[in-house]
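One structure is given here, and the rest of the page talks about it.
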Protein chains: 2
Amino acid sequence: MATTPIDVLTLRRGCAHCTLQQLCLPAGIGREELERLDEIVKRKRPVEVGERLFRQGDGMDSVFVARDGAFKTVLVSEDGEEQVIGFHLPGELIGLDALGSGEHRCEAVALTRANVCEVPFDDLSGVAARIPGLQRQLMRVIGQSVGRDQDHREILVRRQASERIALFLHGLSERFEKIGQAADRLRLPMSREDIARFLGLALETVSRGFTRLQEDGVIAVHGRKVEILDMDELQRLAHGAEGDAPPKKGARSG
Amino acid sequence: MATTPIDVLTLRRGCAHCTLQQLCLPAGIGREELERLDEIVKRKRPVEVGERLFRQGDGMDSVFVARDGAFKTVLVSEDGEEQVIGFHLPGELIGLDALGSGEHRCEAVALTRANVCEVPFDDLSGVAARIPGLQRQLMRVIGQSVGRDQDHREILVRRQASERIALFLHGLSERFEKIGQAADRLRLPMSREDIARFLGLALETVSRGFTRLQEDGVIAVHGRKVEILDMDELQRLAHGAEGDAPPKKGARSG
DNA sequence: CGTGATGTTGAATAATATCAAAATTCGTGG
DNA sequence: CCACGAATTTTGATATTATTCAACATCACG
């Protein structure tokens, strides 16, 4: 437990044997093309908590994908305040924010120790140009990234803290499920403060929100471990339903 | 004043003579290429207030650019609530939200009568593939679009209504200036309600915010006409400065 | 078993939403 | 040019909600 030894085999094996295959760039790409992709993908030593993949102003040399662990992307304003603009789970591309300008507008910070794949963007574009499937995958992944940004905005326009929090947890749950983890037993990789800066709320408000959800029997909280007890209700709350009349009492059927 | 006759000449002339030339897709494209672009650009009859360019779920057939007038893009949730996710001034591409999925996630509504150019996306991709300059322009414009989304998020994470409003006005001012209109005399094309739904605030809060800014001598408000009297102060307010110690007193010089 | 970081809780304060009404603007037609 | 009505905007009073400052609890880790 104390040490997570680097799985050298996994490192060598490449995309073809990665558990994220179906979620990451390689999804739906043929065997040969996969090998070409493998050639340009760099697998790096584990990244430690707090390490950065890139900083604001860096050129967009590579895009990154975590095979495990988690990252946050943050915007640091002139006065040093940190604004969290996204969280990244395994299989979700990191670093596309520089697509427009060629320069990163944010920085990517590791929330946990993580193993990441680095894909040099020039090479990727080159390979993608010759592999229609990869080109399509790239667009798909970019689209997903834009979609997550939209989700974030949909969270932020909500005026009630409870809605934002419910929306956040529900969205995270969906994403965990997508990468093969339990949707109802989340181990949050980020602090309450990170969540607060992501939701545009005070840290204490987030904490209280969690407590409230627990009191209402929607979730169970143990620090960063969150168990979702009533997914339907969580979703209801995420869409403006007040604490008024949850169709409880032997809930989901009638 | 009562009638704005359709300028047939302008309609015929095409991109080469459009006043938006340097801001729109054609910027920096050679004469011949411009003609090829012209061939695929459709110029439509004026769009009336409230008309939609596309709706949620529509396929991304075209992208649009207003030559004059203004649009909003809105997200309509299941329960019929409207969320404003963007405003579009002349020269700003509309309809890129569908890039990822191929389907529009939002709908584009005319805020004023407007003349728009429609660019069929398939054709555009085709032409762009053969014109490196256009390809680059397209990326630039997409990047700008993503940038405006980021700006919106940066507005929404602000916790003070006054900051959001200041940020909104300041950003709008910059964009007006970019299209050759006075930066300090804005004719807002959108209602207070639209602004509220864009900023994630109650309509009344927006109104009060405007009034407050007027009382503080930062702007002058006459309905939808807003004059910016102290741009520096507006910018200061946009970045968390309280009403504490504005370096006022014979303001702008010292 | 301390110790610093992280998370929770409480009380007072400040900000915003909500409900209601008045004022203004704008388009339209006389 | 003026008057009218509908829609928009502003303003007021009040209730809700979130923030802030502070203390306390808990967790992770050495």
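Protein chains get the first letters and strands the later ones, always in sequence-line order, with residue 1 at the start of each.
Separating the CG atom of B:Leu188 from the P atom of D:dT8 is a distance of 15 Å, rounded to the nearest angstrom. Here the C1' atom of nucleotide C:dT6 and the CG atom of A:Asp194 are 11 Å apart, to the nearest Å. One atom, CG of B:Leu203, and another, P of C:dT18, lie 11 Å apart when rounded to the nearest Å. Atom CG of A:Leu201 is separated from atom C1' of D:dT19 by 10 Å (rounded to the nearest Å). Counting to the nearest Å, the C1' atom of C:dT6 and the NZ atom of A:Lys225 are 14 Å from each other. If you measure from atom CD of B:Glu193 to atom P of C:dT18, you get 12 Å, rounded to the nearest angstrom. Rounded to an integer number of Å, the gap from B:Arg208 CZ to C:dA15 P is 14 Å. Between the CZ atom of A:Arg197 and the C1' atom of D:dA18 there is a distance of 17 Å, given to the nearest Å.
Proximity of B:Val41 to B:Cys117: side-chain heavy atoms (C-beta onward) are separated by under 4.5 Å at one or more points. Contact annotation: the side chain of A:Val157 approaches that of B:Leu156 to within less than 4.5 Å [non-hydrogen atoms, C-beta and beyond]. B:Glu48 is listed as a side-chain neighbour of B:Arg113, based on a closest heavy-atom distance under 4.5 Å. Put simply, the side chain of B:Val74 reaches to within 4.5 Å of the side chain of B:Val84, judged on heavy atoms. Put simply, the side chain of A:Lys72 does not reach to within 4.5 Å of the side chain of A:Phe198, judged on heavy atoms.
Under the salt bridge (Lys or Arg N to Asp or Glu O under 4.0 Å) criterion, the residue pairs touching residues 151-160 of chain A are A:Asp151-B:Arg105, A:Arg153-B:Asp149, A:Glu154-B:Arg105, A:Arg158-A:Glu163, with sequence neighbours excluded.
Here D:dC21 is the nucleotide among D:dT10, D:dC21, D:dT19 with the atom lying nearest to any side-chain atom of A:Glu204. When distances run from any side-chain atom of A:Arg224 to the nucleotides C:dT6, D:dT10, D:dT19, the shortest one goes to C:dT6. Distances were taken from every side-chain heavy atom of A:Gln160 (C-beta onward) to each of D:dA18, C:dA17, D:dT19; the shortest belongs to D:dA18. In the set C:dG7, D:dA18, C:dT16, the nucleotide with an atom closest to the side chain of A:Ala161 is D:dA18.
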Identify every side-chain donor-acceptor pair in residues 165-177 of chain B under 3.5 Å, counting partners at least two apart or on other chains, and give the distances.
unit_1, atom_1, unit_2, atom_2, d
B:Ser173, OG, B:Ala183, O, 2.7
B:Arg175, NE, B:Glu92, OE2, 3.0
B:Arg175, NH2, B:Phe87, O, 2.6
B:Arg175, NH2, B:Glu92, OE1, 2.8

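In this structure, the helix from C:dC1-D:dG30 to C:dG30-D:dC1 shows an angle of 40° between the axis at its start and the axis at its end, each fitted on 5 base pairs and rounded to 10°.
Contact between the side-chain N/O atoms of B:Arg192 and the OP1/OP2 oxygens of D:dA7 is not found at any separation under 4.0 Å. Contact annotation: B:Thr211 side-chain N/O to D:dT11 OP1/OP2 distance is under 4.0 Å.
Where A:Gly200 and A:Gly223 each meet DNA chain D at their nearest nucleotide, the meeting point lying more 5' is that of A:Gly200.
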